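What follows is one structure encoded as structure tokens, with my remarks underneath.
Protein chains get the first letters and strands the later ones, always in sequence-line order, with residue 1 at the start of each. As the structure is a prediction and not an experimental result, all values here were calculated from the model.
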Amino acid sequence: MIDPVLLREQPDVVRWSQQVRGSSPDLVDAALAADVARRTALTEFETLRAEQNAFSKKVGQAQGDEKKALLAEVAELAERVKAANAAANDAETAYHAAAGALENIVLEGVPAGGEADFVTLREQGTRATFDFEPKDHLELGEALGAIDMARGAKVSGSRFYFLTGIGARLEIALMNMALDRALAADFIPLITPTLVRPEIMSGTGFLGAHADEIYYLPADDLYLTGTSEVALAGFHSDEILDLSDGPLRYAGWSTCYRREAGSSGKDTRGIIRVHQFNKLEMFVYTTPEDAEAEHDRLVAWQEAMLQALGLSYRVIDVAAGDLGSSAARKFDIEAWVPTQDAYRELTSTSNCTTFQARRLNTRHRADGGKTTPVATLNGTLATTRWIVALLETHQQADGSVVIPEALRPYLGGLDRITPTPATTRPKADS
RNA sequence: GGAGACGUCGCAUAGUUCGGCCUAGUGCACCACCCUGCUAAGGUGGAGUCCUCGUAAGGGGACCGCGGGUUCAAAUCCCGCCGUCUCCGCCA
């Protein structure tokens, strides 16, 4: 939900934002009209209600014939109040629908255009080169006894997998390393619910254009979350926060579920794009004034993590048309994946300014003591997918993989993982 | 899954029997001031959230878990939902 005052006073800014996103600027005029209609209806209802309240007071005090006369007089007024109330409610609903269709105001400097129009802010680290034919992450993962796609498919279908042995340990190590780094930066760790109510799912803006990406459990009217961002954003809904000691930072650990409905045929090999994975997500509540600086801090923590893991990456400023409806700006970090000869997204961090908080009614007290919506930001610190870049980047000619130093403490000091003979891998009896 | 109790302005409570003196009382905590004079006590006053009209001063409206209904009028009566607690049942 965008700021209604901004909509009213600077509709051109909203039009511009819709334009650079490639969305319809006509929605702005529809929302403006709905706003006027809503306030007109509201004023009418309130005037009638005030009249009725005054009358009711008199009725309460009156006796006998006088009371009867007043009752007769007020009956018709009551009908009009009821009608006006209904009209005001309808106008309110219509306004919410119209204003809700507007996406967050894009920040100045965000590149216009679609998916391909991102701007690369910087590239870090040298891309891994090999004097042998590098294997892709799945070939490596299978040889290492780390990934088992076949059994994943047998048990749950395509895009499901087992992490086995060192694969399972690798993921836990990554997540723990990320958590330790988050803790060092004073994030509060949270393990979040992964099933949420419809209001929370829609409040975070995930039931819009991407509704078919989301698993839904009709028997319980609950949604499976594709990121802990959903629960983390809902955590402080309907609350007034105290931000006087600085931002509130949370690190949410959860399993994430995604239908990947629109991506059939894409990334079908391995664990790049799967229905279920784990993620450590940073989520920040801060003041609107601090949001852009915090956004940069989130990227810095992400970059430090990738650097510690010895990965080569680039940071991109995602174009307006490729932003989610809640995001005002988004930076993705993409790691170099040697066998794909391409950068692949490992993290994403969005500045949602006050858009998400307005929907979820999360506020703080500004200096004057007035309550005002907070800004929310989110960003990835580790996910299962990182294993792809790790395995491919650090692979050796003999099929072993060197563990980056920063990760070793989380693997009992292990500095290298080596292919396991097929006989020691989990295998079927017959 | 069954039965029951409950949900009130930050916290704790009163109010719901019998709808209107509820503009929701009281205690604690909070803020300002006064008195006192020193890690205390007392006094006075003030405080919530949201929407809306207005340049402003200042009006108006909504909010007693949420949403409907009855009524001239709902914290109070009726219905649905959500949540909490207790007991029973069931249980990877």
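In this structure B:A3 sits in a base pair with B:U86, meeting the Watson-Crick or G-U test at under 3.5 Å. Under the Watson-Crick or G-U wobble criterion, with both distances below 3.5 Å, B:A47 has no partner in any strand shown. Look at B:C22: it lacks any Watson-Crick or wobble partner with both distances under 3.5 angstrom. Nucleotide B:U17 is matched to nothing when pairs are restricted to Watson-Crick or G-U wobble geometry with both distances under 3.5 angstrom. Using N1 to N3 plus N6-O4 or O6-N4 for Watson-Crick, or N1-O2 and O6-N3 for G-U wobble, each under 3.5 Å, B:G37 pairs with nothing. Across the strands present, B:C64 finds no partner; the criterion is a Watson-Crick or G-U wobble pair with both atom distances under 3.5 angstrom. Shown here, B:U70 forms no base pair; nothing in the strands shown gives a Watson-Crick or G-U wobble contact with both key distances under 3.5 Å.
Set against B:A73, B:C82, B:U52, the side chain of A:Arg197 has B:C82 as its closest nucleotide.
No contact: A:Arg80 has no heavy atom under 4.0 Å from any strand.
For the side chain to side chain donor-acceptor pair (under 3.5 Å) test, no residue two or more places apart in sequence or in another chain qualifies with A:Asp186. Residues passing the side chain to side chain contact (heavy atoms under 4.5 Å, CB included) test with A:Thr354, sequence neighbours excluded: A:Pro288, A:Arg358, A:Pro373. Qualifying side chain to side chain donor-acceptor pair (under 3.5 Å) partners for A:Asp220, counting only residues two or more places apart in sequence or in other chains: none. Taking A:Thr362 as the reference, nothing meets the side chain to side chain donor-acceptor pair (under 3.5 Å) condition, with sequence neighbours excluded. Under the salt bridge (Lys or Arg N to Asp or Glu O under 4.0 Å) criterion, A:Arg249 pairs with A:Glu294, sequence neighbours left out. Applying the side chain to side chain contact (heavy atoms under 4.5 Å, CB included) rule to A:Thr268 yields the partners A:Arg159; only residues at least two apart in sequence or on another chain are considered. With sequence neighbours left out, A:His394 forms a ring-ring contact (aromatic ring centres under 6.0 Å, His included) with no residue at all.
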Between the protein and nucleotides 59-62 of chain B, which nitrogen or oxygen pairs are less than 3.5 angstrom apart?
unit_1	atom_1	unit_2	atom_2	d
B:G60	N2	A:Glu46	OE1	2.7
B:G60	N2	A:Glu46	OE2	3.0
B:A62	OP1	A:Arg49	NE	3.3

Taking only nitrogen or oxygen atoms into account, show me every contact under 3.5 Å that the protein makes with nucleotides 47-50 of chain B, one pair per line with its distance.
unit_1	atom_1	unit_2	atom_2	d
B:U49	OP1	A:Arg365	NH1	3.0
B:U49	O3'	A:Arg363	NH1	2.8
B:C50	OP1	A:Arg363	NH1	2.8
B:C50	OP1	A:Thr371	OG1	2.1

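As rounded to whole Å, 14 Å separates atom C1' of B:G83 from atom CG of A:Leu222. Here the P atom of nucleotide B:G83 and the CD1 atom of A:Ile200 are 12 Å apart, to the nearest Å. For the pair A:Asn85 CG and B:A74 P, the interatomic distance rounds to 11 Å; values are reported in whole Å. For A:Asp220 and B:C82, the CG to P distance is 11 Å, given to the nearest whole Å. Note: CD (A:Gln52) to C1' (B:U71) measures 10 Å, nearest angstrom.
To the nearest whole angstrom, the two C1' atoms, one in B:C30 and one in B:U52, are 30 Å apart. Between the C1' atoms of B:C90 and B:A3, the separation comes to 15 Å (whole Å). Using P as the reference atom, B:G15 and B:G7 are 11 Å apart when rounded to the nearest Å. Only the C1' atoms considered, B:C18 is 11 Å distant from B:C77, to the nearest whole Å. Taking the C1' atom of each, B:C66 and B:C82 are spaced 7 Å apart, rounded to whole Å. Here the separation of B:U8 from B:U76, taken at their P atoms, is 14 Å to the nearest Å. For the C1' atoms, the distance from B:G45 to B:U39 is 26 Å, rounded to whole Å. Taking the C1' atoms as reference points, B:U71 lies 12 Å from B:C78, given to the whole Å.
Identified under the side-chain hydrogen bond (donor to acceptor under 3.5 Å, both in side chains) test for residues 27-42 of chain A, with sequence neighbours left out: A:Arg8-A:Asp35, A:Arg15-A:Asp29, A:Asp35-A:Arg38, A:Asp35-A:Arg39, A:Arg38-A:Glu92. The stretch residues 166-191 of chain A participates, sequence neighbours left out, in these ring pair (Phe, Tyr, Trp, His ring centres under 6.0 Å) pairs: A:Phe187-A:Trp301.
Counting heavy atoms from C-beta outward, A:Thr192 and A:Tyr250 have side chains that stay 4.5 Å or more apart. Between A:Thr225 and A:Tyr215, every side-chain heavy-atom pair lies at or beyond the 4.5 Å cut-off.
Toward the 5' end of RNA chain B, the nearer of the two residues A:Asp35 and A:Ala75, judged by each one's closest nucleotide, is A:Asp35.
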- Message: Each nucleotide in nucleotides 64-69 of chain B should get exactly one letter: B, S or -. Can you fill that in based on protein heavy atoms under 4.0 Å?
- Response: ------
- Run the numbers on A:Tyr223 and A:Tyr257 for side-chain contact (heavy atoms from CB on, under 4.5 Å), then give the verdict. CA-CA 10 Å; A:Tyr223 292 91; A:Tyr257 302 91; over 6 Å; no
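An OP1 or OP2 oxygen of B:C51 is reached within less than 4.0 angstrom by no side-chain nitrogen or oxygen of A:Arg39.
Using a 4.0 Å cut-off between charged side-chain N and carboxylate O, A:Lys154 and A:Asp148 make no salt bridge.
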